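Working notes for the structure below.
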Amino acid sequence: MESKVSRRRLLQSSSILAASALGLDLQQSTAGEKQPQVSPQPLKGNINQSVVHWCFKKYWDIEKTAQIASQLGIKSVELTPAENWDTLKKYGLTCAIASSHGFKSGFNNPAHWDECIQILRKRIDECAAGGVKNVITFTGMRDGIDDETGVKNCVAGFKKIIGYAEKNNVNLCLEMLNSRDASHPMKGHPGYQGDHTEYCIDIIKQVGSDRMKLLFDIYHVQIMDGDVIRRIREHKDYIGHVHTAGNPGRGELDQKQEINYPAIMQALQEIGYKGYVGQEFIPTRDPYEGLQQAVLLCDV
Ligand SMILES: O=C(O)C(=O)CO
């Protein structure tokens, strides 16, 4: 993979990996993973980075995640409940995007509207009070609903709540997910209706509000649609949040996967994207090393 990340920074990250392999300058944490004792170099910070807590939860509680995030120059820990936001503030961090209803039951099915709207209203209130700008939302599973009806239902359903989001200056970010990878419950979501970028963009355009945005998950987009940089440029006005992971496998952003992250981060910068990029990969090795590697790679 061709990388625009500077040689020095790659060497820096690979020397940490090498040190880890040799057991040098690394501290064993209570969770068993290793962490460098030296603070990493400050980031350029052109890309606002965030870490998605569910991926690291099995290694680190919220306090530890916040501590590590601030050490790595990450500005947010996301998809974590409002009761954790004070902990984030202690470390000078925000929550880039709040969680809400799950991806299985969403706005494509009117039977789920009441429940989704109730959760979203609560989250919007919490976001407004806590200074959080985005809340996640989903189409839901097909469950026999054809794609055309799915769009109509989503548009009608989102229109019931978007006014409340507008009043509170909170974005609803609709996530596109891949339906191809059936190997693991969090690597892909077979049956998810919003499984193409333009399908979600169509819904967003029809809702017709500046507060209705796309959660552009690079990993999911790569699997279903590809042509990532062109899509980022095409849909620049609708991107509210971004996620990462290596493909295939939803692992680290390393040389074993196919997505050219530095070029994509450059494209985000070029379109003037000011939101956050959430690191959302499932660690397959030392979580700290993987996260640091991802952060350095995306710091263009
Ligand atoms: O990205 C995913 O796979 C999710 O389900 C939610 O962020």
Side-chain angles (χ1 to χ4, degrees), residues 49-58 62 65 74 76-82 84 95-109 112 115-116 119-120 123 127 132-143 150 154 171-197 199-201 203-204 213-226 228 231-232 235 239-253 257 259 261 264 275-284 290-291 294 298:
Q49 299 208 41
S50 174
V51 57
V52 183
H53 192 218
W54 71 260
C55 302
F56 295 88
K57 220 173 175 162
K58 103 175 199 211
I62 194 68
T65 309
I74 295 171
S76 146
V77 180
E78 62 174 81
L79 299 182
T80 190
N84 292 332
C95 173
I97 185 165
S99 51
S100 70
H101 61 96
F103 61 84
K104 290 187 178 158
S105 305
F107 282 87
N108 68 335
N109 187 340
H112 300 138
E115 190 194 339
C116 293
I119 295 171
L120 278 176
R123 291 293 178 272
C127 288
V132 170
K133 302 273 185 288
N134 299 298
V135 59
I136 199 167
T137 189
F138 301 94
T139 62
M141 294 299 194
R142 276 195 182 83
D143 286 336
C154 281
N171 299 321
L172 301 189
C173 294
L174 173 62
E175 183 161 27
M176 176 273 196
L177 301 172
N178 93 77
S179 56
R180 263 172 71 75
D181 189 334
S183 69
H184 175 284
M186 285 314 286
K187 291 185 181 178
H189 309 295
Y192 184 71
Q193 192 137 39
D195 61 351
H196 287 284
T197 315
Y199 186 86
C200 293
I201 286 288
I203 293 168
I204 291 163
K213 299 284 188 197
L214 178 71
L215 198 171
F216 192 102
D217 185 311
I218 296 162
Y219 162 78
H220 291 304
V221 172
Q222 167 73 358
I223 294 172
M224 298 305 292
D225 300 320
V228 171
R231 284 197 155 83
I232 283 174
H235 304 311
I239 299 175
H241 192 67
V242 174
H243 279 161
T244 69
N247 188 59
R250 207 173 196 171
E252 290 83 359
L253 314 191
Q257 63 85 42
I259 306 171
Y261 273 101
I264 293 170
Y276 285 80
V277 172
Q279 302 289 356
E280 197 187 30
F281 61 87
I282 302 170
T284 64
L291 186 56
C298 290

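Values below: every heavy atom of this structure, side chains too, minus hydrogens, waters and symmetry copies. Note that this is a predicted model, so its numbers are computed, not measured. The residues of the chain are indexed from 1 along the displayed sequence. One-based numbering, in listed order, for ligands and for the atoms of each.
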Donor-acceptor pair, side chain of Arg250 and main chain of Tyr219, under 3.5 angstrom: no
Atoms of ligand 1 close to Met186 [distance to a heavy atom under 4.0 angstrom, numbered from 1]: 3 (O), 4 (C), 5 (O)
Atoms of ligand 1, numbered as shown, that sit under 4.0 Å from any heavy atom of Arg250: 1 (O), 2 (C), 3 (O)
Numbered atoms of ligand 1 (with element) below 4.0 Å of Asp217, judged on heavy atoms: 1 (O)
Contacting atoms of ligand 1, where contact means under 4.0 angstrom from a heavy atom of Glu280: 1 (O), 6 (C), 7 (O)
Contacts table for residues 98-107: side-chain donor-acceptor under 3.5 angstrom, sequence neighbours left out:
residue, atom, partner, partner atom, Å
Ser100, OG, Ile136, O, 2.5
His101, ND1, Ser105, O, 3.1
His101, NE2, Thr137, OG1, 2.7

Distance filter under 4.0 Å to His220 heavy atoms, resulting ligand 1 atoms: 1 (O), 2 (C), 3 (O)
Per-atom contacts of ligand 1 with Leu177, taking only distances under 4.0 Å to non-hydrogen atoms: 1 (O), 2 (C), 3 (O), 4 (C)
Atoms of ligand 1 close to Phe103 [distance to a heavy atom under 4.0 angstrom, numbered from 1]: 5 (O)
Whether Asp225 side chain and Thr197 backbone form a donor-acceptor pair below 3.5 Å: yes
Side chain to side chain contact (heavy atoms under 4.5 Å, CB included), paired with Tyr261, selected from Val228, Val277, Leu253: Leu253
Part of Val52 within contact of ligand 1 (heavy atoms, under 4.0 Å): neither
Among His220, Met176, His241, the one residue meeting side chain to side chain contact (heavy atoms under 4.5 Å, CB included) with Leu215: His241
Asp195 side chain vs Arg180 backbone, donor-acceptor pair below 3.5 Å: no
Nearest-neighbour protein heavy atom for atom 5 (O) of ligand 1, which is reported as residue plus atom name and distance: His189 NE2, 3.3 Å
Asn178 side chain vs Met224 backbone, donor-acceptor pair below 3.5 Å: no
Atom 6 (C) of ligand 1 - nearest protein heavy atom and its distance: Glu175 OE1, 3.3 Å
